[in-house]
Amino acid sequence: MTVRTRFAPSPTGHLHVGGARTALFSWLFARSMGGAFILRIEDTDTARSTEAAVEQIISSMAWLGLDWDEGPGKGGACGPYRQMERAGLYESAAQRLFEEGRAYRCYCSPKALEDARRAAREEGRQFLYPGTCREGAGKQASGDYVVRLRTPDSGSTVVRDLVRGDVEFDDALSDDFIIVRSNGVPTYNFAAAVDDDAMAVSHVIRGDDHLPNTPKQIHVIQALGGTVPAYAHLPLILGPDQSPLSKRHGSVSVEEFRSKGYIREAMINYLALLGWSLDGETTLFTLEELVSSFTLERVGKNAAVFDNDKLLWMNGSHIRSLPGNELAQRVEEYLAGGPLEGLPGSDGLPGVADLVPLVHEKMKTLEDFITLTGFFFLPFAYEEKALSKLLDDENAPGVLAAAREVIAAIEPYDAGGLESSLRERADKMDIKLGRFLQPVRIAVSGRTVTPGMFETLMALGREKSLERIDAAAGMLSSKG
RNA sequence: GCCCCCAUCGUCUAGUGGCCUAGGACACCGCCCUUUCAAGGCGGCGGCGGGGAUUCGAAUUCCCCUGGGGGCACCA
């Protein structure tokens with residue numbers, strides 16, 4: 001059997017990390033089985049769906065590297081891949097079911113049903129559509145109607161789930177649900193099932209919240225005479241307080257993480273481990289490694305809390321394993337379009353490629369590049385903490401004067417020479433290197449944390465270094 | 001209320017009856033390295049929700065309870 005999976009988001013907002021995780025698992029499964037991955041846009045909720053959201057989702061998926069074999073912008077044998085463009089299919093499917101007596105028209109007013117529902121709730125019992133229009137109601141030829149699927153009154157429907165095992169639902173507890181609204185638009189459970197069948201989806205991989213819907217979809221597919229696919233319901237992703245992850249927990253969209261300087265490798269790796277594990281030992285994976293080791297059998301059943309700390313650590317780890325030139329490229333891309341674009345490297349300033357090697361191992365996000373190296377290309381300013389440390393250091397004036405002398409005199413001006421001469425000078429003054437370098441660091445960068453001092457002095461250049469040291473020394477002496 | 005799912009360190013998890021005095025990772029705390037900060041190395045803290053049952057033996061099997069979550073729409 002050919003494996004065909006699909007990711008079917010409804011375009012009502014950005015791609016959420018939960019959705020991304022679902023997409024990733026579907027993608028991984030398809031890729032690992034040599035199957036096809038389909039992207040299908042479920043935009044039947046016309047009130048909430050937007051074109052901008054479609055574009056957002058597509059761009060987030062592309063950024064993550066989750067490419068699809070069939071879908072928007074790609075085409076495919078089972079298209080179109082947007083449900084609103086497939087209206088005819090649902091219509092004819094519903095018509096067929098109606099003609100075969102597997103579905104019927106229901107003329108009950110929404111108001112009457114709502115009242116009955118409320119009454120049932122107040123009495124504490126579950127409301128089930130009573131089947132008022134089930135038999136012979138088609139004769140009633142006037143008024144709005146919806147189409148309902150005739151479902152079994154007894155027996156049970158078993159969902160064969162690859163992560164949960166078999167889950168049994170009592171058919172007596174479900175009713176004849178609506179498959180076509182009075183406005184002619186199909187409902188989710190109908191459209192999704194028709195499409196899964198029409199697109200020959202072999203494995204439906206989706207969030208846990210869809211498990212209770214599954215028997216309905218199975219009923220649709222069976223009524224259609226189709227083949228019921230295998231299902232795999234993934235556990236939910238929770239926020240730190242164990243409630244379902246939502247905006248109030250902070251960043252939840254892939255786009256937000258991207259703009260905060262997270263890289264796709266880390267995002268993918270982290271998401272993969274949210275609900276899946278290889279052996280409990282291996283934590284760092286490349287996309288290729290995930291493809292070769294992913295299996296549905298290793299997907300866990302319990303909901304997982306999204307841990308920003310671990311993601312951050314993992315991002316740093318993946319940044320560190322990027323080749324230097326690749327990281328520089330990512331930083332350039334990250335800066336592109338922002339206020340800093342083109343600033344590093346302009347006007348004799350050190351460029352991104354010059355600076356990246358100095359901070360490569362310190363960066364946890366691409367955004368860190370800016371905080372770590374900003375003093376090279378942004379207008380000089382002291383950090384408050386750094387300034388007070390400089391002011392409090394009684395060695396500062398002497399050290400600055402000595403360092404100035406060394407830096408001004410050294411020939412050639414290189415990191416090795418700088419290091420040995422500065423070390424020698426610190427030695428002579430009987431000051432430990434760390435204490436000696438700190439005032440210089442602050443004078444030159446305005447910060448207490450910088451890349452290695454000698455590399456920093458090199459990247460900044462002799463002239464600028466001296467300039468800043470002189471400014472600091474001047475400030476110190478005028479202050480008394 | 002009814003139906004369904006889930007339950008190992010704070011978090012992500014390994015674990016499928018003896019290899020578990022429960023392993024790894026993040027976080028946290030020490031120490032080492034060191035030019036600041038990271039990174040790295042070493043060590044530490046910390047967990048099987050509760051009760052029954054099966055068994056020579058349960059984290060692992062079964063039942064109940066508790067807790068958390070999902071669903072019960074002309075939303076998806």
Side-chain angles (χ1 to χ4, degrees), chain A residues 8-10 12 42-45 47-49 106 110 113-114 117 120-128 144-148 159 161 163-165 167-170 173-175 177-189 191-192 207-215 233 235-236 238 240 242-244 270 273-284 298 300-314 316-317 320 359-364 368 372 386 389 419 422-423 426 432-438 440-442 445 447-454 456:
Chain A
S10 52
T12 54
E42 306 213 329
D43 52 0
T44 54
D45 182 354
R48 296 195 302 149
S49 298
C106 168
L113 291 172
E114 190 41 51
R117 204 187 317 277
R121 180 167 307 230
E122 276 162 15
E123 284 170 45
R125 38 183 192 84
Q126 186 189 3
F127 174 79
L128 287 179
D144 283 350
Y145 64 85
V146 297
V147 180
R148 288 182 184 271
V159 176
D161 193 292
V163 351
R164 315 265 148 194
V167 182
E168 189 174 358
F169 292 86
D170 186 348
L173 264 23
S174 67
D175 58 5
F177 61 97
I178 295 171
I179 58 176
V180 182
R181 301 177 174 96
S182 52
N183 65 2
V185 178
T187 58
Y188 163 74
N189 281 126
D208 221 353
D209 47 338
H210 289 287
L211 186 50
N213 283 323
T214 310
H233 287 94
L236 253 49
L238 312 174
Q242 313 262 306
S243 70
Y270 182 70
L273 256 26
L274 227 44
W276 174 85
S277 75
L278 176 61
D279 52 16
E281 308 279 300
T282 320
T283 52
L284 263 14
R298 300 283 316 168
K301 300 181 185 26
N302 44 336
V305 172
F306 194 91
D307 183 359
N308 277 296
D309 285 340
K310 191 161 186 173
L311 204 213
L312 183 61
W313 164 80
M314 199 171 269
S317 175
R320 266 173 261 128
V359 294
H360 196 147
E361 61 182 13
K362 299 180 199 297
M363 292 171 59
K364 285 201 167 80
D368 286 345
L372 254 17
K389 285 216 164 169
E419 169 157 16
L422 253 14
R423 266 185 197 283
K432 290 186 70 177
L433 188 62
R435 292 212 56 187
F436 180 88
L437 255 21
Q438 202 56 8
V440 180
R441 185 186 311 281
I442 296 173
S445 68
R447 308 171 46 91
T448 57
V449 176
T450 73
M453 205 59 253
F454 313 115
T456 298

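Order of the sequence lines sets the chain letters (A, B, ...), proteins ahead of strands, with each chain counted from 1.
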Of A/Ala303 and A/Asn183, the one whose closest RNA chain B nucleotide lies more 5': A/Ala303
For atom CD of A/Glu281 and atom P of B/rU13, their distance in whole Å: 15 Å
Sugar-phosphate, base or nothing in reach of A/Pro244, heavy atoms under 4.0 Å: sugar-phosphate
Residue A/Val449, side-chain heavy atoms: nucleotide from B/rU36, B/rA14, B/rU35 that is nearest: B/rU36
Gap between atoms OH and P, on A/Tyr188 and B/rC72 respectively (whole Å): 11 Å
Touch class at under 4.0 angstrom, heavy-atom based, for A/Glu42 against every strand present: sugar-phosphate
Whole angstrom value for the distance that separates P of B/rC2 from CG of A/Asp175: 18 Å
Opposite nucleotide pairing with B/rG67, Watson-Crick or G-U, both atom distances under 3.5 Å: B/rC6
Sugar-phosphate, base or nothing in reach of A/Thr283, heavy atoms under 4.0 Å: sugar-phosphate
Nucleotide of B/rU11, B/rU35, B/rC6 approaching A/Val305 most closely (side-chain heavy atoms): B/rU11
Pair A/Asp161-A/His233, side-chain donor/acceptor within less than 3.5 Å: yes
Backbone of A/Asp43 reached by a side-chain donor or acceptor of A/Ser10 within 3.5 Å: no
For A/Lys301 against A/Arg164, the heavy-atom pair lying closest together: O-NH1, 3.4 Å
Residue A/Thr44, side-chain heavy atoms: nucleotide from B/rU36, B/rC6, B/rA76 that is nearest: B/rA76
Watson-Crick/G-U partner (both atom distances under 3.5 Å) of B/rG40: B/rC32
Sugar-phosphate, base or nothing in reach of A/Gly434, heavy atoms under 4.0 Å: sugar-phosphate
Span that lies between the P atom of B/rC45 and that of B/rA22, in whole angstrom: 12 Å
Atom of A/Leu211, atom of A/Val159 and distance for their closest heavy-atom approach: CD1-CG1, 4.3 Å
Close N or O pairs between protein and nucleotides 27-34 of chain B (under 3.5 Å):
none

Sugar-phosphate only, base, or nothing, as touched by A/Asn213 at under 4.0 Å among non-hydrogen atoms: base
A/Asp209 CG - B/rG70 P separation (whole Å): 9 Å
RNA chain B: 5'-proximal contact among A/Leu128 and A/Leu278 (nearest heavy atom): A/Leu278
Sugar-phosphate, base or nothing in reach of A/Gly275, heavy atoms under 4.0 Å: sugar-phosphate
Touch class at under 4.0 angstrom, heavy-atom based, for A/Glu168 against every strand present: sugar-phosphate
Separation between the P atoms of B/rC19 and B/rU60, rounded to whole Å: 13 Å
Side chain of A/Arg117 (C-beta onward), nearest among B/rA76, B/rU13, B/rA73: B/rA73
Separation between the C1' atoms of B/rC64 and B/rG46, rounded to whole Å: 30 Å
Side chain of A/Val167 - closest among B/rA14, B/rC5, B/rC3: B/rC5
Atom-pair distance (CD1 on A/Ile178; C1' on B/rA76), nearest Å: 15 Å
Heavy-atom closest pair, residues A/Tyr270 and A/Val305: OH-O, 3.9 Å
G-U wobble or Watson-Crick pairing nucleotide for B/rA25 (cut-off 3.5 Å, both distances): B/rU11
Donor-acceptor contact below 3.5 Å, side chain A/Arg298 vs main chain A/Ser277: yes
Sugar-phosphate only, base, or nothing, as touched by A/Phe306 at under 4.0 Å among non-hydrogen atoms: nothing
A/Arg447 CZ - B/rU35 P separation (whole Å): 21 Å
Closest listed nucleotide, where the reference is the side chain of A/Asn302 and the choices are B/rC12, B/rC6, B/rC74: B/rC6
Of the listed nucleotides B/rA73, B/rU36, B/rU35, the one nearest the side chain of A/Lys362: B/rU36
Audit row: A/Leu284, A/Ser317, side chain to side chain contact (heavy atoms under 4.5 Å, CB included) steps and yes/no: CA-CA 8 Å; A/Leu284 263 14; A/Ser317 175; 3.4 Å; yes
Short side-chain N/O contact from A/Arg298 to OP1 or OP2 of B/rG15, under 4.0 Å: yes
Sugar-phosphate only, base, or nothing, as touched by A/Ser10 at under 4.0 Å among non-hydrogen atoms: sugar-phosphate
P spacing across the pair B/rA7 / B/rU61, given as an integer number of angstrom: 10 Å
Main-chain N/O of A/Leu312 paired with A/Asp309 side-chain donor or acceptor, under 3.5 Å: no
Mate of B/rU61 where both pairing distances stay under 3.5 Å, Watson-Crick or G-U: B/rA53
N/O to N/O distances under 3.5 Å, protein versus nucleotides 18-20 of chain B:
none

Between CG on residue A/Asn189 and OG1 on residue A/Thr214, distance to nearest 0.5 Å: 8.5 Å
Distance-only polar pair, side chains of A/Arg441 and A/Gln438, donor-acceptor under 3.5 Å: yes
C1' atoms of B/rA59 and B/rC42, separation to the nearest Å: 30 Å
Touch class at under 4.0 angstrom, heavy-atom based, for A/Arg435 against every strand present: nothing
A/Ser49 side chain to A/Thr12 backbone, donor-acceptor under 3.5 Å: no
Distance in angstrom units between A/Arg441 CZ and B/rC37 P, rounded: 9 Å
Trace of the side chain to side chain contact (heavy atoms under 4.5 Å, CB included) decision for A/Leu238 with A/Phe306: CA-CA 6 Å; A/Leu238 312 174; A/Phe306 194 91; over 6 Å; no
Nucleotide opposite B/rC72 in a Watson-Crick or G-U pair, distances under 3.5 Å: B/rG1
Spacing of CG belonging to A/Leu274 relative to CG belonging to A/Leu236, to within rounding of 0.5 Å: 10.5 Å
Distance, P atom - from B/rA25 to B/rG41, rounded to whole angstrom: 9 Å
Touch class at under 4.0 angstrom, heavy-atom based, for A/Ser277 against every strand present: sugar-phosphate
P gap between B/rG67 and B/rC31, integer Å: 44 Å
Span that lies between the C1' atom of B/rC48 and that of B/rG10, in whole angstrom: 16 Å
Heavy-atom closest contact (A/Thr44 atom, A/Pro186 atom, distance): CB-O, 4.2 Å
Close N or O pairs between protein and nucleotides 63-68 of chain B (under 3.5 Å):
none

A/His233 NE2 - B/rG69 C1' separation (whole Å): 15 Å
